[in-house]
K.L.:
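A single structure is presented below for examination.
Just so it is clear, the values below take in all heavy atoms, side chains as well, and ignore hydrogens, waters and symmetry mates.
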Amino acid sequence: MDGALFPSLLEITLRSLVVSLSAVILASLIAVPFGIWLALTRFRGKGAVVAVLNAFMGLPPVVVGLVLYLLLSRAGPFGVLDLLFTPWAMILAQLIIVLPLIASITHQAMEALWEEYRELLTSLGVRRRSCIAILARDGRRALLTAALAGFGRATGEVGAVLIVGGNIDHLTRVLTTAITLETSKGNLAFAVALGAVLVSISLVVSIALHLLALREPARAW
């Protein structure tokens, strides 16, 4: 790879990290409380809600991008916000894609933990809010796994961010869309470098998760 391309590589990588991290943080703020609440609560139709949540984990990104494009376009209901072809639109697209994934993993993990803790906490008269805090603390590794799984999917997403972001140089170009562009241009060396960075990010995330797991007490998750 030409050394002159290094600033572009760095810029695209930083933008990818900012967009994906922002999407995962915002999605986690919604999905984690919802997943815990769903695990602790019994109501009619809960099975259907869980089924829909699991089904949304497989949402086709291009469909998400298309719907979001229609909503954010000038003729759409949110066109006045002028978010289309900005990093904010890309963050929103990634948020929609990873939110069901984080919520579903959180729900499954917290439901299993709640089955283990429910009798003891109920007999002690622990309030619901305190129960949620205890589950979040003892299940922190599972919650982190959910967030990292969401980050992994967000960084590898290309269809939705390409539709709503437009792959604009110095504005909305991220690793996945840049790889697509450089490959189509025949600039394979740069495309491979971008791909290597993307794979490296995934490896760093996996290693970080593994190291965190080693630091956990043997009893905890």
Side-chain angles (χ1 to χ4, degrees), residues 16-61 64 67-68 87-122 124 126-157 160-161 201-202 204-221:
S16 296
L17 290 174
V18 169
V19 169
S20 296
L21 285 173
S22 299
V24 171
I25 290 172
L26 292 174
S28 297
L29 291 176
I30 301 170
V32 169
F34 177 72
I36 296 176
W37 173 82
L38 192 60
L40 270 63
T41 307
R42 291 184 176 180
F43 58 90
R44 181 176 295 179
K46 179 179 177 179
V49 173
V50 173
V52 170
L53 186 64
N54 291 336
F56 278 10
M57 290 172 61
L59 271 178
V64 173
V67 172
L68 201 55
W88 285 109
M90 300 161 67
I91 290 172
L92 191 56
Q94 291 191 359
L95 184 154
I96 294 172
I97 291 170
V98 305
L99 194 149
L101 177 64
I102 297 174
S104 182
I105 295 176
T106 299
H107 164 249
Q108 292 175 27
M110 292 300 105
E111 192 171 56
L113 193 59
W114 179 234
E115 287 298 319
E116 181 182 345
Y117 285 17
R118 179 170 55 189
E119 186 173 347
L120 175 61
L121 295 178
T122 302
L124 293 175
V126 179
R127 293 186 175 184
R128 175 59 63 94
R129 182 176 300 179
S130 298
C131 289
I132 292 175
I134 292 171
L135 291 181
R137 182 196 64 196
D138 288 4
R140 58 191 180 277
R141 184 175 156 193
L143 298 181
L144 181 61
T145 300
L148 291 177
F151 179 74
R153 176 157 192 196
T155 53
E157 211 299 303
V161 296
I201 291 174
S202 298
V204 168
V205 170
S206 297
I207 292 172
L209 179 60
H210 180 68
L211 292 177
L212 285 172
L214 293 178
R215 291 170 63 88
E216 288 290 324
R219 56 163 293 279
W221 292 80

K.L.:
Going from CD1 on Ile102 to CE on Met57, what distance comes out if it is rounded to the nearest 0.5 angstrom?
P.N.:
10.5 Å
K.L.:
Testing Leu101, Thr145, Val32 for side chain to side chain contact (heavy atoms under 4.5 Å, CB included) with Thr106, which one passes?
P.N.:
Val32
K.L.:
Quick one: are Met110 and Leu143 in side-chain contact, heavy atoms under 4.5 Å?
P.N.:
yes
K.L.:
Does Phe151 form a side chain to side chain contact (heavy atoms under 4.5 Å, CB included) with Ile25? I'd like the steps, not just the answer.
P.N.:
CA-CA 9 Å; Phe151 179 74; Ile25 290 172; over 6 Å; no
K.L.:
If only atom types and distance count, is the side chain of Ser104 paired as donor or acceptor with the main-chain N or O of Pro100 below 3.5 Å?
P.N.:
no
K.L.:
Check Ser22 against Ile91 and note the closest heavy-atom contact, atom names and distance.
P.N.:
CB-CD1, 3.7 Å
K.L.:
Looking only at heavy atoms, what is the nearest atom pair of Ala103 and Ala31, with distance?
P.N.:
N-CB, 3.6 Å
K.L.:
Looking only at non-hydrogen atoms, find the nearest pair between Pro33 and Ser28 and report the distance.
P.N.:
CD-O, 3.5 Å
K.L.:
Between Ile30 and Leu26, does the side chain to side chain contact (heavy atoms under 4.5 Å, CB included) criterion hold? Intermediate values first, please.
P.N.:
CA-CA 7 Å; Ile30 301 170; Leu26 292 174; 5.8 Å; no
K.L.:
Can you check whether Leu135 reaches Leu40 side chain to side chain, under 4.5 Å on heavy atoms?
P.N.:
yes
K.L.:
In this structure, are over 12 heavy atoms from other groups packed under 6.0 Å from Trp37 atom CH2?
P.N.:
yes
K.L.:
For residues Ala154 and Val24, report the shortest heavy-atom separation together with the two atoms involved.
P.N.:
CB-CG2, 4.2 Å
K.L.:
Identify the two heavy atoms, one from Leu95 and one from Ala23, that lie closest to each other, and give their separation to 0.1 Å.
P.N.:
N-CB, 3.8 Å
K.L.:
Look up atom CD in Glu116 and atom CG in Leu121, then write down how far apart they are to the nearest 0.5 Å.
P.N.:
10.0 Å
K.L.:
Taking atom CD of Glu115 as the centre, does the number of heavy atoms from other residues, nucleotides or ligands within less than 6.0 Å exceed 12?
P.N.:
yes
K.L.:
Would you say the side-chain atoms of Arg153 pair up with the backbone N or O of Gly150, donor to acceptor, closer than 3.5 Å?
P.N.:
no
K.L.:
Decide yes or no for Thr41 and Arg128: does some side-chain heavy atom of the first lie under 4.5 Å from some side-chain heavy atom of the second?
P.N.:
yes
K.L.:
Given side chains that start at C-beta, do those of Phe34 and Leu99 come closer than 4.5 Å, heavy atoms only?
P.N.:
no
K.L.:
Assess the residue pair Ile96 and Val67 against the criterion (side chain to side chain contact (heavy atoms under 4.5 Å, CB included)); give the C-alpha distance rounded to whole Å, side-chain angles, the decisive distance to 0.1 Å, and a yes or no.
P.N.:
CA-CA 11 Å; Ile96 294 172; Val67 172; over 6 Å; no
K.L.:
Side-chain contact, heavy-atom cut-off 4.5 Å: Leu38 with Leu53?
P.N.:
yes
K.L.:
Side chains of Cys131 and Trp114: does their closest heavy-atom pair fall under 4.5 Å?
P.N.:
yes
K.L.:
Where the side chain of Glu157 meets the backbone of Gln94, is there a donor-acceptor pair that is under 3.5 Å apart?
P.N.:
no
